[in-house]
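Step one of this worksheet: look at the structure below.
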Amino acid sequence: MAKRASDNKDGICSRSQDYSQWYLDIIKRAELAEHSAVRGCMVIRPHGYTIWEKMQRELDDRFKATGHVNAYFPLFIPLSFLEREEQHAAGFAKECAVVTHHRLMSQDGRVVVDPESALEEPLIVRPTSETIIWNQYRNWIQSYRDLPLLINQWANVVRWEMRTRLFLRTAEFLWQEGHTAHASEAEAREETTRMLEVYADFAERVMAVPVVKGAKTPGERFAGALDTLTIEGMMQDGRALQMGTSHYLGQNFAKAADVTFLNRDNELEYVYATSWGVSTRLVGALIMSHSDDTGLILPPKLAPIHVVVVPIYRDEDQRQATVSAAHALAEQLRPAGLTVRVDDREGMQPGAKYYEWELKGVPLRLEIGPRDLEQGTVALVRRFLADEQGLDEAAIRKARKAFMPRDQAVAAIPGILEAMQGELLERARRMRSARSRVIDDLDDFGRFFADEGGGFAWVHWAGDADDEDAMARRFETSIRCIPMQDHIPEAARGTGTCIFTGKPSSQRVVMAKAY
RNA sequence: CGGGGCGUAGCUCAGCCUGGUAGAGCGCCUGGUUUGGGUCCAGGAGGUCGCAUGUUCGAAUCAUGUCGCCCCGACCA
């Protein structure tokens, strides 16, 4: 790829120049992930994987707190299982990896598939696990006393995508999939909503990404679901990203796998199901929500390293003194549960270290030099300001840095990280409001997306699937969700007229260009 | 699957048009120097030029084929 004029010294394209390239540059330079030898599959590097691990921990705690337990089901699914639920099968048919043989052999110095080893029945690498899990649930559920069954699985899945993007869409990805069974529709629907709330809470409190909660239109529903709920985030380029889904599956999978139970009245009934999931796509959402042209910006709750300490020195005596003071500082901070890295690499100038850690998204940096040793102080530098609007680079840099007594810094840091977590969410909220518009006119709608950068358009809608397609072809937008009632901003409430068909509409939907 | 682009050192690329046996910057290693925002100097390691076939005395360079990857579209979390 040709060098771009707007690349900074770390080889990061600016967001304004090419958002998509910026995204790829951040991932590469911050060492989050890279392309592998296998088309469409990525290698998640330690820095990126640590972020995922932190997400997993937070989510898993929330799943446990809502009564779920973890289990593990096979990677391979018999082909026939997928046939059982018609819509489900159709939904995934075009993107399945199929295992047909179980043995290799040597032939003229090459390794080839042994044609004699064909499987009697091909195995599908799971694109999702509903079918194999429900096949097992059949044996676990007999009575209403066995319900609800609340199980989650952390796993990898494969969807043979034609076009992939690191984290956002890869052929193999990591995720969690919750699969629950209930004795009534009401209870299953409640579970569907509860888990969407868990996702929304996680997105906002942990990822610092505000989301719109809502339902998908029939065309955007999960294959086999009666209802799909979603959380939709807005990325810095104004595009929507589906960050998590929770499905009410009704009795579709119970019927397909013949999972029945005896209710209190001793009647045989099919159980009611839900499934819900989030994936490593969330790492992509995190990057696109907060980071800047300098590099990654991470909410403290997901940062692999909270504080980096950089010693500054001129001679050997100073080196020993400041490095030792840096380690002492780190030890003071660690009891607070913080991950602290002392960067005592030699032969590297402090400035070079600053750039590197900012690129990697470390929220706080402590600089400790000879002057600090004399005065008992330390320089505390934040990765970003609560509001950087209207400030030039020099002003921002100055405002981010403060000298203070060391003990004061140690005492203040947990609170500062907490504050930064909140500021990120606020920044993201401000960005989203600035790019959200209540629109009633199709021309305005077109201008919003063509000339004004686009974002979330709150429009009245009463169209059908064909109308939705027509909108998509004309504006490249889609209905991201039909927002939950309690989730609609003041200005977007009430009834009105469909922006496309002119029919009466009971509420507005969120339209946007999507990833 | 359609459109575009690219495969030369770890990375970014030049060299190709007009064939003569491979370069730069960054990174890496050694030594010195420097160190409160990316120091500088010297020395050094590192490449079957994606692969195959052909043309030629000679191919990174020309031809044909092939593989792979990236970007844009249709599909999707």
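In what follows, chains carry the letters A, B, and so on, assigned in the order in which the sequence lines appear, proteins first and then strands, with residues in each chain numbered from 1. Below, all heavy atoms of this structure are taken into account, side chains as well, without hydrogens, waters or symmetry copies.
Nucleotides B:G47 and B:G38, compared at atom C1', are 29 Å apart to the nearest Å. B:C51 and B:C67 have their P atoms separated by 15 Å, given to the nearest Å. Separation of the C1' atoms belonging to B:A14 and B:A9 is 13 Å when rounded to the nearest angstrom. For the P atoms, the distance linking B:G25 with B:G65 amounts to 38 Å, nearest Å. Straight-line distance between the P atoms of B:G73 and B:G43: roughly 50 Å, to the nearest whole Å. On the C1' atoms, B:C69 is 10 Å away from B:G50, given to the nearest whole Å. Comparing B:G4 with B:C16, their P atoms sit 25 Å apart, to the nearest whole Å. Comparing B:C1 with B:G23, their P atoms are spaced 41 Å from each other, to the whole Å.
Nucleotide B:G36 holds its P atom 19 Å from the NZ atom of A:Lys398, rounded to whole Å. Rounded to whole Å, atom C1' of B:C72 lies 11 Å from atom CZ of A:Arg165. Between A:Glu476 atom CD and B:A74 atom C1' there is a gap of 12 Å when expressed in whole angstrom units. Distance CD (A:Glu34) to P (B:C11): 10 Å, rounded to an integer number of Å. Here B:C28 presents its P atom at 15 Å from CD of A:Glu346, a figure rounded to the nearest Å. Straight-line distance from the CD atom of A:Glu161 to the C1' atom of B:G73: 15 Å, rounded to whole Å. Across the protein-nucleic acid pair, A:Lys513 atom NZ and B:G73 atom P stand 10 Å apart, rounded to whole Å. When rounded to the nearest whole Å, the span between CD of A:Glu220 and P of B:A77 equals 8 Å.
Looking at heavy-atom distances under 4.0 Å, A:Phe92 makes no contact with the nucleic acid at all. Among the protein residues, A:Thr230 comes within range of no part of the nucleic acid, since none of its heavy atoms lies under 4.0 Å from any strand. Among the protein residues, A:Glu358 comes within range of the nucleic acid bases, having at least one heavy atom under 4.0 Å from a base atom. Contacts of A:Arg473 with the nucleic acid, taken as non-hydrogen atoms under 4.0 Å apart, are absent. At a threshold of 4.0 angstrom between heavy atoms, the contacts of A:Phe222 with the nucleic acid are absent. Across all strands, A:Leu241 comes closer than 4.0 Å to no nucleic acid atom at all (heavy-atom distances). Among the atoms of the strands shown, none is found under 4.0 Å from any heavy atom of A:Arg319.
In this structure B:C6 sits in a base pair with B:G68, meeting the Watson-Crick or G-U test at under 3.5 Å. Base pairing of B:A14: no nucleotide in any strand meets the Watson-Crick or G-U wobble criterion (both distances under 3.5 Å). Judged by Watson-Crick or G-U wobble contacts below 3.5 Å, the nucleotide B:C62 has B:G54 as its partner. In this structure, B:G47 makes no Watson-Crick or G-U wobble pair, since no nucleotide meets both defining distances under 3.5 angstrom. Using Watson-Crick or G-U wobble geometry with both donor-acceptor distances under 3.5 Å, B:C40 finds its partner in B:G32. Base pairing of B:G73: its partner is B:C1, meeting the Watson-Crick or G-U wobble criterion (both donor-acceptor distances under 3.5 Å).
In the set B:G37, B:C71, B:A77, the nucleotide with an atom closest to the side chain of A:Arg397 is B:G37. The listed nucleotides are B:G37, B:G36, B:A77; the one nearest the side chain of A:Val381 is B:G37. The A:Arg400 side chain lies nearest to B:G37 when the options are B:G37, B:G36, B:A77. Distances from the side chain of A:Ala352 to the nucleotides B:G36, B:A77, B:G38 place B:G38 closest. Looking at the side chain of A:Ile312, the nearest of the listed nucleotides B:C76, B:U35, B:C11 is B:U35. Proximity note for A:Lys28 (side chain, C-beta onward) versus B:U12, B:C71, B:C76: the nearest is B:U12. Comparing B:G37, B:C76, B:A77 by their closest approach to the side chain of A:Arg281 singles out B:A77.
Under the 30°/60° scheme for interplanar angles, the aromatic rings of A:Phe449 and A:Phe445 are found to be tilted. Relative ring orientation between A:Trp22 and A:Tyr19 is described as tilted, the plane-to-plane angle lying within the 30° to 60° band. Ring geometry for A:Trp154 versus A:Trp52: interplanar angle over 60°, hence perpendicular rather than tilted (30 to 60°).
You'll find a donor-acceptor pair under 3.5 Å spanning the side chain of A:Arg169 and the base of B:C76, going by distance alone. Interface remark: the A:Arg314 side chain does not form any donor-acceptor pair with the B:G36 base, using a distance-only criterion of under 3.5 Å.
Taking the charged nitrogens against the carboxylate oxygens, A:Arg159 and A:Glu172 have no contact shorter than 4.0 Å, which rules out a salt bridge. Salt bridge present: A:Arg205 and A:Asp201 bring a charged side-chain N and a carboxylate O closer than 4.0 Å. A salt bridge links A:Glu367 with A:Arg365: the closest approach of a Lys/Arg side-chain nitrogen to an acidic carboxylate oxygen falls below 4.0 angstrom.
Each of A:Glu367 and A:Thr245 lies near RNA chain B, and the nucleotide nearest A:Glu367 is the one positioned closer to the 5' end. Positionally, the nearest nucleotide of RNA chain B for A:Asp315 lies more toward the 5' end than for the other of A:Asp315 and A:Gln242.
Stacking of the aromatic ring of A:Tyr355 onto the base of B:G38 is found: the ring centres lie under 5.5 Å apart and the planes are inclined by under 30°.
A ring-centre distance under 6.0 Å is not found for A:Phe253 and A:His179. Under the 6.0 Å cut-off for aromatic ring centres, A:Trp276 and A:Phe63 qualify, their centroids lying closer than that.
For A:Ser20 and B:C72, the shortest distance from a side-chain N or O to OP1 or OP2 is below 4.0 Å.
For the pair A:Arg45 and A:Tyr49, the cation-pi criterion (under 6.0 Å, within 45° of the ring axis) is not fulfilled.
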